[in-house]
Number of protein chains: 2
Amino acid sequence: MIQQLMGSELVQRLKNAGIAITVQRMALAQLLLERPCHVTAEQLLERARAVMPELSRATVYNTLRLFADKGLVRELSMGGDSLVFDSSTAPHYHYFNVDTGEVTDIPSDSVQVLGLPPLPEDMELHEVEVIVKVRARS
Amino acid sequence: MIQQLMGSELVQRLKNAGIAITVQRMALAQLLLERPCHVTAEQLLERARAVMPELSRATVYNTLRLFADKGLVRELSMGGDSLVFDSSTAPHYHYFNVDTGEVTDIPSDSVQVLGLPPLPEDMELHEVEVIVKVRARS
DNA sequence: TTCCATGCAAAGGGTTTGCACTCTC
DNA sequence: GAGAGTGCAAACCCTTTGCATGGAA
């Protein structure tokens, strides 16, 4: 069942990340990783079930956590109720529509954050997140 | 039961925000609003029960939502499991300790975000959040 | 054959809600 | 006295976990 997928780039990306190949993981990887995308677990489950109706919710959550641990996707905690997973690997920032919950990339690599004070000696930087919250003009 | 509080500044702040005064709300306001503070609902409940043991969890959640709607506190969605409420009113940004969940203000008003592209015509800016995620140096 | 991944259902944690009682005004 | 606020418990939603089955190596 798996053999037919063996050559693809996507398979290599997963293997390079130390992830064993399964049909479910490949289906999710195709939806997530082939283009930049922002989805919740529930949205991903819905899209994946269009192709693979028997896919279980637990597998989606397990796979998203695995991908996140291996660095293939990033977890975003916006104001919404659920986590959003982002498959863009390069550093970048986000718009968050506070009414719809929609997340999009800020289309510019020229954004910079200036004036941050130095961290205490015993702390190290993990990541800088910039969230530009927007809404439809009323 | 309420009369003794009537004159205070805190009462005026709540009234100005259109919030009716109750003993529970005043107790929570004292803990939250008298100095800048970052707490989860559960932390606030614990602190408040030290003074008012019969206080219910629902009242804490209701009051935090009310205060947030009225602009007295701000909801922060960090990576952690629960929302953090921030009583600093002036615009400012945050450190988030990814190991402990601790939130602190960035001690500088000179931080600025440059290079943001203009928003589409039909969108308006709601808020810009900058989260500097840090961890203890290993 | 061995081990890990999957699917299902139940558990878990944070938050909200329904309803009767209490308090403010 | 009328209406809003409170407390309690149950409901809710998102996410994780336990366990038996199924597939990969």
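Residue numbers start from 1 in every chain, and the chains themselves are labelled A, B, ... in the order their sequence lines are given, proteins ahead of strands. These values consider heavy atoms only, across backbone and side chains, with no hydrogens, waters or symmetry-generated copies.
For the pair A:L45 CG and D:dC13 C1', the interatomic distance rounds to 15 Å; values are reported in whole Å. Atom P of nucleotide D:dA4 and atom NZ of B:K70 are separated by 13 Å, given to the nearest angstrom. Note: CD1 (B:I21) to P (D:dA4) measures 16 Å, nearest angstrom. Atom pair A:L64:CG and C:dT6:P shows a separation of 12 Å (rounding to whole Å applied). In this structure, CE of A:M26 is placed 16 Å from C1' of D:dG23, rounded to the nearest angstrom. Rounded to whole angstrom, the span from the CG atom of A:L83 across to the P atom of C:dG14 amounts to 14 Å. Going from atom CG of A:L44 over to atom P of D:dT15 covers 12 Å, rounded to whole Å.
Distances shown here put every side-chain N or O of A:Y61 at or beyond 4.0 Å from the OP1 or OP2 atom of D:dT16. The phosphate of D:dT16 has OP1 or OP2 within less than 4.0 Å of a side-chain N or O from A:R65.
Each end of the helix from C:dT1-D:dA25 to C:dC25-D:dG1 yields a helix axis from five base pairs, and these two axes differ in direction by 30° (to the nearest 10 degrees).
B:P107 and A:P117 make their closest contact through CD-CG, 4.1 Å (heavy atoms, listed as atom of the first residue, atom of the second, distance). Across every non-hydrogen atom of B:R47 and B:V39, the tightest pair is NH1-CG1, 3.3 Å. Across all non-hydrogen atoms, the minimal contact from B:D105 to B:D86 is OD1-OD2, 4.2 Å. Across all non-hydrogen atoms, the minimal contact from A:L125 to A:L119 is N-CD1, 3.5 Å.
By the 4.5 Å heavy-atom criterion applied to side chains, A:Y61 and A:E42 are counted as neighbours.
Between A:E129 and A:H94, the side chains place a donor N or O and an acceptor N or O closer than 3.5 Å (distance only, hydrogens not considered).
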Checklist entry - What one-letter contact string describes nucleotides 5-12 of chain D from 5' to 3', where B marks a base within less than 4.0 Å of any protein heavy atom, S marks contact via sugar-phosphate atoms alone, and - marks no contact? => result SSBB----
Checklist entry - Stepwise, does the side-chain contact (heavy atoms from CB on, under 4.5 Å) test hold for A:V73 with A:L33? => result CA-CA 8 Å; A:V73 301; A:L33 304 178; 3.8 Å; yes
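Remark: A:E46 pairs with no residue by the side-chain contact (heavy atoms from CB on, under 4.5 Å) rule, at least two apart or across chains.
Side chain of B:S87 to backbone of B:L72: no donor-acceptor contact under 3.5 angstrom is found.
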